[in-house]
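In what follows, a single structure is set out as structure tokens and then discussed.
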Amino acid sequence: MNLQETLSHNVKQAIKVVFDAELQSVEFQATRKEFAGDITVVVFPMLRVVKGNPVQIGEQIGQYLVEHVEEVKAFNVVKGFLNIEISDAHYINFFNGIKGQSQFGFKTPSSKEKAVMVEYSSPNTNKPLHLGHVRNVILGYSVSEILKASGKNVYKTQIINDRGIHICKSMLAWKRFGNEETPQSSGLKGDKLVGNYYVKFDKEYKVEIQQLISEGQTEEDAKKNAPILLEAQQMLLKWEAGDEEVVALWKMMNGWVYEGFDATYKSIGVDFDKLYYESQTYLLGKEFVAEGLKTGVFIKKEDGSVWCDLTEDGLDEKIVLRSDGTAVYMTQDIGTAIQRTKDFPDVGGMVYTVGNEQEYHFQVLFLIIKKLGFEWADNLYHLSYGMVDLPSGKMKSREGTVVDADDLVDEMAQTAGEISEELGKLDGYSPEEKQVLYKKIGLGALKYFILKVDPRKRILFDPKESIDFQGNTGPFIQYTYARIQSILRKSNIEDTVTLNNVDMALHPKERELIKQLELFPEVIQNAADNYSPALIANYTYELVREFNSFYQNVSILGADTDAEKVFRVQLAQSVANTIKNAFGLLGISVPERM
RNA sequence: GGCCUCGUAGUUCAACUGGAUAGAAUAUCAGAUUUCGGCUCUGAGGGUUGGAGGUUCGAAUCCUCUCGAGGUCACCA
């Protein structure tokens, strides 16, 4: 039983013994700095069960706790708040218990519990990844790690949108203008190369539209009749018919893109356990649409299109199959979801990390899956995040304001390098080691910047001003970690040494630090329940602030006694380890020096 | 227009899901090192939580209205 559970149990006991009443739950919060105490029980909610003056009730509970709970040293009541002081012995015991644990706060995944599949990143294969994907990927990866740490088995996955008119556009432009250019011949990254042809298509398309308009067509007609567009549509039909030449081209160009994506994912530091391709799941979706037609979940209209009527659920009618029988996005999403539960029978739920412009889509998708009779439909969650805006507004590919993912990571590393050259302690590092480090810091800055904000909120990203390295930032936390490592290198103390130190009096800063450590398991759980890396980020920042304050006030290596010195070194070690673990949950690595 | 988010110091974000005098960072100003990494620490100023009502012991949080920003309502993805 941890401290809070012990207290909760005893507060309930107190209510039972003193007032002969049953209390369902006890509300705790951290005691505010201006009052004495470590943890606070809020008395007000108890008034529903126990009639009386909140101050008196608080006093009586406090008295009971002091008498019955070893860890409770003293208490005071301010208005309806019972502030409890905890003994140093408790904190020392607690710390002795965790200091050797490399994974303190993490639960090991239980095989009894159903696994979760987390989808993040759902790129189209016609252009490179950009800033928006970066938020998606960083967020999804972190949530996966947090869910794992909270005791769930997790499969990380990706859905690759590898078919459709957009790919055909790139393919056609390459055929027309490409002169057999390949990533090898040009030295371009595959996804960049394919993206260039998508842009070329759009340029040519515009030229043709102008041409048709000058020949007397309306703009609307011209957009429909441009020869290059018609040809792309032909190509799509050929693809669906399995035309060998088109399929071969499609495979080749998609292959280039995957190589490019892999490089970007690797650079950002994320990975996947399983990949899904829409070209392989849309057929299963169609099967289940046919199935749903039989069972009456869907209805067929006169023109042959198939719909799901959701008006009784307060939504609209939604199309699941076109009149020509081809699949829409919804069709393949149904297929993909079902395919996943077939491939991984232990999966009991899924998390979709997708931007908030698709909230309605997922609302409908989950409802349809439920109507199809899958009980896991209740465990589907759309992890919806806000858009990333630039100072100029939305990113628009046509206006060339898209921030490329690779460029962004490079720029962050470069900025980190410039700052480190000035301030770093990197004597003896080779140029290669320095590059690795700069990347670590640059990525840390970027990931932290994105993750510390509640996913739902939109982010304003200013590439020019880049990202701060001071204050509540990734590098600030990395710096604190590196500084602790420096102390540990000098200390020569084994972290396994145990002391009989239970009678020791704690310095207030030591207390605060241990208190902060004690919160970590609860924070992980909370972050998992809320799918919120921001809670981990904010916790880590608080921990680091406490440490820096401790560091400033208390000498670690210059402690008065050996026992104190060992204790403080071990405390610093635990803090460093927790920083490392917490940052691991955010997908950020920490440096030994910087 | 219907539905869904969001609105908090100049700026970027918090607020333990209804709890105490709304906290940090940044910027500004004033301080701290015979000490283990000063990318540090301590302090000051800065707020009618967009606005108006309501619910109750208690509201940034819940309800109603209103203003503002964004999203979504395709045989697109």
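Quick note on labels: first sequence line is chain A, next is B, and so on, each numbered from 1. Computed from a predicted model, the values in this text were never measured in an experiment.
At least one side-chain nitrogen or oxygen of Arg32(A) sits closer than 4.0 Å to the OP1 or OP2 atom of rG23(B). Between Ser549(A) and rU42(B) there is a side-chain polar atom (N or O) within less than 4.0 angstrom of OP1 or OP2. Contact between the side-chain N/O atoms of Tyr551(A) and the OP1/OP2 oxygens of rG38(B) is found at a separation under 4.0 Å. Between Arg545(A) and rA25(B), a side-chain N or O to OP1/OP2 separation shorter than 4.0 Å is present. A sub-4.0 Å separation between OP1 or OP2 of rG70(B) and a side-chain N or O of Arg458(A) is absent. A sub-4.0 Å separation between OP1 or OP2 of rC41(B) and a side-chain N or O of Asn548(A) is present. Side-chain nitrogen and oxygen atoms of Arg456(A) include none within less than 4.0 Å of the OP1 or OP2 phosphate oxygen of rU5(B). Side-chain N/O atoms of Ser555(A) include none lying less than 4.0 angstrom from OP1 or OP2 on rU35(B). Between rG71(B) and Lys457(A), no contact under 4.0 Å exists linking OP1 or OP2 to a side-chain N or O. The phosphate of rC36(B) (OP1 or OP2) has no side-chain N or O of Arg568(A) nearer than 4.0 angstrom.
A gap of 38 Å separates the C1' atoms of rC3(B) and rA20(B), to the nearest Å.
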*Give the C-alpha distance, both sets of side-chain angles, the deciding distance and a yes or no for side-chain contact (heavy atoms from CB on, under 4.5 Å) between Val134(A) and Leu129(A).*
CA-CA 8 Å; Val134(A) 171; Leu129(A) 303 175; 6.0 Å; no

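A cation-pi arrangement, defined by a distance under 6.0 Å to the six-membered ring centre and an angle within 45 degrees of its axis, is absent between Arg135(A) and Tyr385(A).
If you check every strand for non-hydrogen atoms under 4.0 Å, Glu27(A) touches a base. Backbone-only engagement by Tyr360(A) is indicated by non-hydrogen atom pairs under 4.0 Å involving sugar-phosphate atoms exclusively. Val554(A) comes within contact range of at least one nucleobase, with a heavy-atom separation under 4.0 Å. Backbone-only contact: Lys490(A) has heavy atoms under 4.0 Å from sugar-phosphate atoms and none from a base. Within 4.0 Å of Asp389(A), counting heavy atoms only, lies no atom of the nucleic acid at all. If you check every strand for non-hydrogen atoms under 4.0 Å, Ala534(A) touches nothing.
For the pair Tyr479(A) and rG37(B), the ring geometry does not qualify as stacking, because the centroid separation below 5.5 Å and plane angle under 30° are not jointly satisfied. A stacking contact between Phe81(A) and rG19(B) is absent: the pair does not combine a ring-centre distance of less than 5.5 Å to the base's six-membered ring with planes differing by less than 30°.
A salt bridge does not link Asp324(A) to Arg322(A): none of the charged nitrogens lies less than 4.0 Å from a carboxylate oxygen.
rA24(B) is paired with rU12(B) under the criterion used here, namely a Watson-Crick or G-U wobble arrangement in which both key atom distances are under 3.5 Å. For rU64(B), the paired base is rA52(B) (Watson-Crick or G-U wobble, both distances below 3.5 Å).
Put simply, the side chain of Asn161(A) reaches to within 4.5 Å of the side chain of His166(A), judged on heavy atoms.
Contact of Thr473(A) with rA25(B) (side chain to base): no donor-acceptor pair of N or O atoms is detected under 3.5 Å.
Annotation: of the two residues near RNA chain B, Tyr329(A) and Pro475(A), the 5′-most nearest-nucleotide partner is Pro475(A). Of the residues near RNA chain B, Val328(A) and Thr40(A), the one whose nearest nucleotide (by heavy atom distance) lies more toward the 5' end is Thr40(A).
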